[in-house]
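Numbers restart at 1 for each chain; the letters A, B, ... are given by sequence-line order, proteins then strands.
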There are 2 protein chains.
Amino acid sequence: MLRLSKLTDYAVVVLLAMAERVPEPASAGVRTSPCLAGATGVPEPTVAKVLKALSAAGLVASLRGARGGYRLMRPLEEISVADVVTAVDGPIALAACIEGAASPCEVHHSCAAKGQWQLVNDAVCAALGAISLADMREAAVPPLLRPSGRPVTSLPFSQIAE
Amino acid sequence: MLRLSKLTDYAVVVLLAMAERVPEPASAGVRTSPCLAGATGVPEPTVAKVLKALSAAGLVASLRGARGGYRLMRPLEEISVADVVTAVDGPIALAACIEGAASPCEVHHSCAAKGQWQLVNDAVCAALGAISLADMREAAVPPLLRPSGRPVTSLPFSQIAE
DNA sequence: AGCAAACAGGACTTCACAAGTCCGATTAGG
DNA sequence: CCTAATCGGACTTGTGAAGTCCTGTTTGCT
């Protein structure tokens with residue numbers, strides 16, 4: 001179905017939640033997995049799984065030990081959707097015969113399409129790379145519903161919009 | 001992994017094979033499933049399955065009965081990758097919360113991303129809609145390797161290019 | 001120093017979708 | 001009218017994602 005994994009979906013939600021302003025400034029932007037799970041509604045183990053992938057990719061930094069957590073490494077404007085997809089789902093490879101794919105096309109006869117998908121793959125990568133998480137945040141809430149400084153993602157948006 | 005199904009891959013290969021010139025002009029562009037299977041190397045039942053989907057989408061027309069087969073409805077230039085993907089894999093819906101998706105996002109709490117993915121989805125659709133099968137055919141075989149009139153997809157291209 | 005909190009990494013179970021296969025319905029030709 | 005070849009839909013199988021849990025390590029607090 002040309003769908004990306006739900007983990008990627010969760011990753012975007014989590015990253016948007018991390019960018020929210022926290023009440024106490026002492027935390028310096030550090031959020032724990034249970035905290036983010038509560039803010040987003042995503043199950044806590046799943047949040048942890050997503051954060052591990054994001055940490056491995058360098059999108060967030062982890063602080064171990066008590067009072068540890070995760071912290072955004074870059075502002076939302078500098079994180080593209082392609083970055084998140086790559087971090088969670090691995091390199092973008094629509095077809096089997098794409099550079100970076102693990103199995104290089106086991107069936108050689110049917111591989112008349114070899115190289116052709118690269119064109120499509122590049123186009124999709126460009127499209128995903130052109131959209132930042134900040135763009136998605138803007139698109140998420142209509143301007144009328146977005147008072148300045150209010151944490152947008154903590155609102156029950158689905159009930160407001162629909 | 002943000003991958004599209006192998007059926008879509010096969011569909012492109014089959015469509016490219018259908019656009020090839022056939023030796024006898026009497027067939028008027030009608031090709032049977034076994035014929036296309038032999039030309040592409042894709043298993044015959046799979047070819048039949050792909051052609052069924054393409055026929056339902058109107059990309060090809062089916063002629064039943066003896067000496068029947070399938071025929072291209074449009075030239076390759078007027079068939080976009082998005083058309084093929086939609087025909088084989090259904091409507092393009094990267095995330096669960098996209099218009100056209102079957103299940104409308106069972107988890108409302110985590111749906112802070114509602115509406116956000118639409119932006120990404122539209123971008124991908126636009127990217128896929130801008131590429132035609134003719135473009136892919138051009139990209140498939142470098143000009144040096146493409147003598148005029150020679151059936152390109154029957155070449156063991158993977159061995160030549162790599 | 002000991003305890004509690006939180007991340008890191010892995011393995012495991014469950015389950016849904018895709019992949020591939022088959023048989024019946026339909027139609028054109030002999 | 002019969003035969004043959006094809007399309008059409010339904011079915012079974014297998015792979016991969018999704019989600020969960022456990023153990024080990026690190027750090028702050030008491």
Check your understanding: Separation of R31(A) atom CZ from dA6(C) atom P, in whole Å?
Key -> 14 Å
**Study point:** Gap between atoms CG and P, on L63(B) and dA4(D) respectively (whole Å)
**Key:** 22 Å
Check your understanding: What are the two closest heavy atoms between V30(A) and G69(A), and how far apart are they?
Key -> CG1-CA, 3.7 Å
Study note, to complete from the structure: Of dA8(C), dC7(D), dT20(D), the nucleotide closest to the side chain of S33(B) is dC7(D)
Review point. Taking for each residue the nucleotide of DNA chain D bearing the nearest heavy atom, is the 5' side occupied by G65(A) or by L4(A)?
Key: L4(A)
Review point. Does Y10(A) place a side-chain N or O at less than 4.0 Å from the phosphate oxygens OP1/OP2 of dG19(D)?
Key: yes
Check your understanding: Between dG29(C), dG19(D), dA8(C), which one does the side chain of R64(A) approach most closely?
Key -> dA8(C)
Exercise for review: Starting at atom CZ of R71(A), determine the distance to atom C1' of dA6(C), rounded to an integer number of angstrom.
Suggested key: 16 Å
Check your understanding: Testing V60(B), I79(B), L133(B) for side chain to side chain contact (heavy atoms under 4.5 Å, CB included) with R74(B), which one passes?
Key -> I79(B)
Check your understanding: Taking CD from E44(B) and C1' from dG20(C), how many angstroms apart are they, rounded to a whole number?
Key -> 12 Å
Point to revise | For atom CG of D89(A) and atom P of dG19(D), their distance in whole Å | key: 12 Å
Review point. Out of dG28(D), dG20(C), dC7(C), which nucleotide sits closest to the side chain of T46(B)?
Key: dG20(C)
Review point. How about R67(B): does its CZ atom have over 12 heavy atoms from other parts shown lying under 6.0 Å from it?
Key: no
Review point. Is any N or O donor-acceptor pair between the side chain of K52(B) and the base of dG9(D) shorter than 3.5 Å?
Key: yes
Exercise for review: Please assess D83(A) against T86(A) for the test side-chain hydrogen bond (donor to acceptor under 3.5 Å, both in side chains), listing each intermediate value before the final yes or no.
Suggested key: CA-CA 5 Å; D83(A) 292 332; T86(A) 303; 5.8 Å; no
Review point. NZ of K49(B) versus P of dC11(D): gap in Å, rounded?
Key: 13 Å
Point to revise | Whole angstrom value for the distance that separates C1' of dA19(C) from NZ of K6(B) | key: 8 Å
Point to revise | Selection from dG8(D), dT27(D), dA18(C) that lies nearest to any side-chain heavy atom of S5(B) | key: dA18(C)
Practice item. Using whole Å, report how far CG of L54(A) lies from C1' of dA8(C). Key: 14 Å
Revision key, fill the gap. Against the side chain of P45(A), the closest entry in dT20(D), dC7(D), dC7(C) is dT20(D)
Review point. Reckon L7(B) touches a base, only the sugar-phosphate, or nothing at all at heavy-atom distances under 4.0 Å?
Key: sugar-phosphate
Review point. Quick check: does any side chain N or O of D122(A) sit under 3.5 Å from a backbone N or O of L119(A), one acting as donor and the other as acceptor?
Key: no
